[in-house]
Amino acid sequence: MKPCAYVRASTVEEATAAYAGHSGAQYLGGGTNLVDLMKLGVSTPDTLVDISRLPLDGVAECDDGALRIGATVRNSDLAAHPLVRARWPVVSQALLAGASGQLRNVATTGGNLLQRTRCPYFQDLTKPCNKRQPGSGCAALDGVHRDHAIFGHSRRCIATHPSDLAVALVAVDATVELHGGDGVRTVPVEEFYRLPGERPEQDTIIRPGELITAVTLPAHSAGLPSAYRKARDRASYAFALASAAAVVDVQGGRVHHAALAFGGVAHRPWRARHAENWLIGAPPTADAIARAVDAELARAEPLGDNAFKVDLARGLARDLLTRLTGARPPGAGGHGAG
Ligand SMILES: Cc1cc2nc3c(=O)[nH]c(=O)nc-3n(C[C@H](O)[C@H](O)[C@H](O)COP(=O)(O)OP(=O)(O)OC[C@H]3O[C@@H](n4cnc5c(N)ncnc54)[C@H](O)[C@@H]3O)c2cc1C
Ligand code: SF4
C-alpha cells in the first residue's frame with residue numbers, strides 16, 4: 001500500500017479546505033471500500049481527509065415531514081432508525097440486505113453511495129479497465145460478465161453499481177446534498193449517478209472536492225407501502241445479482257403512485273420509468289403488473305453470460321408489486337384486488 005498523509009477534519013469547511021489544499025486527496029468515511037482499494041493498489045491517494053468525525057451523524061425530521069440524514073450516519077444506525085423503519089421501510093430493508101453487521105456498523109451513508117464497482121477486472125491491476133485507467137480497454141467485455149449490466153452499458157464499460165441503499169433511495173425520490181467550492185447544491189439521487197458512455201471513470205456527477213453532507217428522504221414517499229428484494233449467490237455478505245425497490249400507493253382501486261428501481265443491472269440504480277408509466281392509473285391486477293414489468297425488461301440488453309438477470313429482475317419486481325398493491329398473485333384466480 002502506498003504511504004499517504006492523513007488529516008482529520010472536524011468541520012465541513014475544514015474538510016473541503018483540506019481536500020483543496022492537498023493534491024491527490026480523498027475523503028475517508030468508514031474506509032470499508034476505500035481502504036480495500038488502497039490495499040489492492042486500485043486507489044492511490046496522497047492524502048486521506050478523514051470525515052468520519054464531522055458533525056454529520058444526525059438524523060432529523062424536517063417541518064414538512066421529510067427526513068434529513070447526515071452523511072456520516074452509519075448504515076446500521078440508519079437501518080434501525082424508527083422513522084426510517086416506519087415510513088420508508090424499503091430503505092431499512094435495503095441497508096440490511098447489504099454487507100454484514102460488522103461492516104454496516106462502520107460504513108457511512110455518504111461512503112455507501114460512493115463505493116466503487118465490484119467488477120473483478122476493476123480490482124485486478126493486471127487487466128485493462130477503462131474505469132480504473134481510462135483508455136486501457138474493458139477486460140469484462142470479452143471476459144466473464146455474468147455479474148455485469150443488462151441496461152445502459154457501453155462498449156467502454158459494462159459494470160454495475162453495487163450499493164443496495166442507492167436503489168432504495170432512487171425509489172423513494174431521495175436527494176443528496178453536496179458541499180463544494182461553488183457552494184451547496186441538492187441533486188436527486190437518480191440524477192447523481194451516471195451511465196458509463198464514453199467516460200466510465202466517472203461513476204457520478206460529483207465534482208472534485210465536493211463532499212456529500214446529507215441525504216433527504218422526501219415527505220411525499222413517507223408512509224407509502226414500500227419494500228426491497230435482492231437476489232444473490234449467498235444468503236448474506238454478497239452483492240446483488242439483481243434487486244428491486246418499490247414504492248406504491250393504491251387509491252380508489254387504481255395505482256396512484258408507483259416507483260420501481262432495479263439494482264445489480266446497470267452502472268447506476270435503474271429507475272423503471274416504463275414500468276411506472278404502465279402502472280400509474282391502472283387497476284392493481286397481476287396482469288397489469290406483469291405488463292408493466294415486461295415493458296421495462298423488454299428494453300434490457302443482456303450480454304452473453306447474464307441473460308438470466310432479466311428473468312431474475314422480472315420475478316423480483318412482480319413479487320414486490322404484487323405484495324405491495326395487494327394484487328392476487330398470478331394463478332390465484334380472478335383479476336386481483338381493486
Ligand atoms: C465483504 C463486503 C461485502 C459488501 N457487501 C455489500 C452489499 O451487499 N451491498 C452494499 O450496498 N454494499 C456492500 N458492501 C460495501 C459497503 O457497504 C461499503 O464498503 C460501504 O458502504 C462504504 O462506506 P464507507 O463509509 O466505509 O466508505 P469509504 O470506504 O470510506 O469511502 C468510499 C468512497 O466514498 C468517498 N466518500 C466517503 N464519504 C464521502 C462523503 N461524505 N463525501 C464524498 N465522498 C465520500 C471516499 O472518498 C471513497 O471514494 C460490502 C463491502 C464488503 C467489504
Ligand atoms: S466493466 Fe467497467 S469496471 Fe469492469 S473491466 Fe470493463 S471498464 Fe473496467
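Indexing begins at 1, ligand by ligand and atom by atom, following the structure's order. The structure displayed is predicted, hence computed values, not measured ones.
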Member of Val59, Leu78, Ile212 meeting the side chain to side chain contact (heavy atoms under 4.5 Å, CB included) criterion with Thr109: Leu78

Hey, is the main chain of Ser136 close enough, under 3.5 Å, to the side chain of Asn130 for a donor-acceptor pair? yes

Under 3.5 Å donor-acceptor, Ser243 side chain and Gly263 backbone: yes

Within the distance-only criterion (no hydrogens, no angle test), does the side chain of Thr16 pair as donor or acceptor with the backbone N or O of Gly180 below 3.5 angstrom? no

Would you call Asp46 and Lys2 a salt bridge, using N to O less than 4.0 angstrom? yes

List the protein residues in contact with ligand 1, where contact means a heavy-atom separation under 4.0 angstrom. Gln26, Tyr27, Leu28, Gly29, Gly30, Gly31, Thr32, Asn33, Leu34, Asp36, Ile51, Ala71, Asn75, Gly98, Ala99, Leu103, Ala107, Thr108, Gly110, Gly111, Asn112, Leu114, Gln115, Arg118, Pro162, Ser163, Asp164, Glu210, Leu211, Ile212, Lys230, Tyr237, Ala238, Phe239

Does either side chain, that of Thr72 or that of Asp57, offer a donor lying less than 3.5 Å from an acceptor on the other one? no

Please check if any side-chain donor atom of Thr285 sits under 3.5 Å from a side-chain acceptor atom of Asp287, or the reverse. no

Fit a plane to each ring of Phe151 and Trp270, take the angle between them on a 0 to 90° scale, and name the class: parallel (under 30°), tilted (30 to 60°) or perpendicular (over 60°). parallel

Is a side-chain donor or acceptor of Glu210 paired with a backbone partner of Arg207 at a separation under 3.5 angstrom? yes

Atoms of the protein (N/O/S only) found under 2.8 Å from atom 2 (Fe) of ligand 2: Cys157 SG

